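First comes the structure, then the notes that go with it.
Nothing here was measured: the structure is a model prediction, and the numbers come from that model.
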Amino acid sequence: MQNTLRTAVLTLALTLASLTASHAQVSITHSFLACGGQTRIVDGTGKAIWTYPHATRDGYVLPSGNLLLTLSKSKEYPGGGVVEVARDGKKLFEWQGTQAEVNTAQVVEGDRIMVTEAGPKPRLLELDRTGKIVIEFPISCQLTNHHMQSRMARKLANGNYLIPQLHDKVVREYSPKGEIVWEVKTPNWPFTAIRLANGNTLI
């Protein structure tokens, strides 16, 4: 009986060790979109499998597989811009910025595109697919450094907008009418703010 029990325990231990060893050899990898001076999708091995010939400031891989990209200012886009492109590079949506630069873009409900624009009149916009402005309000921020006005704004589930304002060292939540309904000061430049499911905000 004792020998049988020892054999069973030893067999179980060897089986668990074998399973652990085989599990350790299985690595999980993901592809990801990288924005910046080079815009690319990188696979799990680190190889670029898709590139776009413009520098970008923000971006999404959409459920369709298309990409929504916030373009840095350039000769072609002197005020920055936003495009939705298919993997073959075909433009499905394009909006040219009208001021210093465009800092973010996000697809929101109604198939609209939410955009923040920096410049002498910093603002948040929601555009329909024809480029028509559906929602617009000014962002309350400093005007001396356009580049440092805002980054990576996101529309929240409650319909408001969360905007990190770098040079002001504050994250603000705005209503669709542009009213500031919540804010928190930060010790350093806030670049990203994420509203968590528990209601807290990760900055």
Side-chain angles (χ1 to χ4, degrees), residues 27-108 112-120 122-127 131 139 141-142 144-156 161-172 186-196 201-203:
S27 59
I28 298 172
T29 61
H30 299 278
S31 61
F32 61 91
L33 170 65
C35 297
Q38 296 178 345
T39 305
R40 59 206 183 283
I41 294 177
V42 179
D43 71 12
T45 69
K47 178 184 175 185
I49 56 173
W50 183 87
T51 60
Y52 194 68
H54 289 282
T56 48
R57 308 178 63 72
D58 194 5
Y60 283 89
V61 178
L62 302 175
S64 64
N66 297 337
L67 292 101
L68 182 72
L69 302 172
T70 306
L71 305 178
S72 300
K73 59 185 178 181
S74 63
K75 186 176 179 181
E76 188 177 347
Y77 295 91
V82 178
V83 293
E84 181 182 341
V85 294
R87 296 295 176 101
D88 63 4
K90 180 182 178 183
K91 289 179 192 173
L92 305 171
F93 173 86
E94 181 179 40
W95 184 79
Q96 292 259 1
T98 63
Q99 299 186 60
E101 57 192 39
V102 178
N103 286 322
T104 199
Q106 176 190 23
V107 175
V108 297
R112 297 176 183 172
I113 296 174
M114 186 271 298
V115 172
T116 57
E117 187 176 33
R123 59 184 181 158
L124 181 142
L125 309 165
E126 279 195 25
L127 309 166
I139 298 172
C141 62
Q142 54 81 28
T144 56
N145 187 331
H146 299 159
H147 182 65
M148 298 289 283
Q149 286 176 336
S150 71
R151 287 292 187 284
M152 303 191 84
R154 296 294 183 256
K155 190 166 188 179
L156 302 173
Y161 307 87
L162 200 58
I163 305 180
Q165 298 178 203
L166 282 76
H167 211 283
D168 295 314
K169 294 184 179 178
V170 66
V171 174
R172 290 192 170 120
T186 60
N188 299 301
W189 299 336
F191 198 90
T192 302
I194 301 168
R195 180 63 49 80
L196 303 176
T201 304
L202 179 65
I203 299 169

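The local environment of CD in Glu94 is crowded, with over 12 non-hydrogen atoms from other residues, nucleotides or ligands closer than 6.0 Å.
A search for side chain to side chain contact (heavy atoms under 4.5 Å, CB included) contacts involving Ala193 returns Leu162, Pro164, Val171, Thr201, Ile203, not counting sequence neighbours. Shown here are the side chain to side chain contact (heavy atoms under 4.5 Å, CB included) partners of Val42, two or more places apart in sequence or in another chain: Phe32, Arg40. Annotation: salt bridge (Lys or Arg N to Asp or Glu O under 4.0 Å) contacts of Lys75 (sequence neighbours excluded): none. For the side chain to side chain contact (heavy atoms under 4.5 Å, CB included) test, no residue two or more places apart in sequence or in another chain qualifies with Pro187. When the side chain to side chain contact (heavy atoms under 4.5 Å, CB included) test is applied to Ile28, the partners found at least two apart in sequence or on another chain are His30.
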Run the side chain to side chain donor-acceptor pair (under 3.5 Å) test on Tyr161 and Glu126 for me, step by step, so that the C-alpha distance in whole Å, both residues' side-chain angles and the decisive distance to 0.1 Å come before the verdict.
CA-CA 11 Å; Tyr161 307 87; Glu126 279 195 25; 2.5 Å; yes
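When the options Leu68, Leu125, Val108 are evaluated for a side chain to side chain contact (heavy atoms under 4.5 Å, CB included) with Ile113, the one that passes is Leu68. Partner of Asn66 under the side chain to side chain donor-acceptor pair (under 3.5 Å) criterion, out of Lys90, Glu84, Arg87: Glu84 alone.
Between the side chain of Gln149 and the backbone N or O of Gly119 there is at least one donor-acceptor pair closer than 3.5 Å. In terms of modelled atom types and a separation under 3.5 Å, the side chain of Glu117 and the main chain of Gln99 share a donor-acceptor contact. Using a distance-only test at 3.5 Å, with no hydrogens or angles considered, no donor-acceptor pair links the side chain of Thr104 to the main chain of Thr116. The main-chain N or O of Arg172 is never found under 3.5 Å from a side-chain atom of Gln165 such that the two would form a donor-acceptor pair.
The list of salt bridge (Lys or Arg N to Asp or Glu O under 4.0 Å) pairs with a residue in residues 48-63, not counting sequence neighbours, reads Arg57-Glu101, Asp58-Arg154.
Ring-plane geometry between His54 and Tyr77 is classed as perpendicular, the angle between the planes exceeding 60 degrees on a 0 to 90 degree scale with a lower cut at 30.
Checking Thr144 against Gln142 by side-chain atom types alone, a donor-acceptor pair falls below 3.5 Å.
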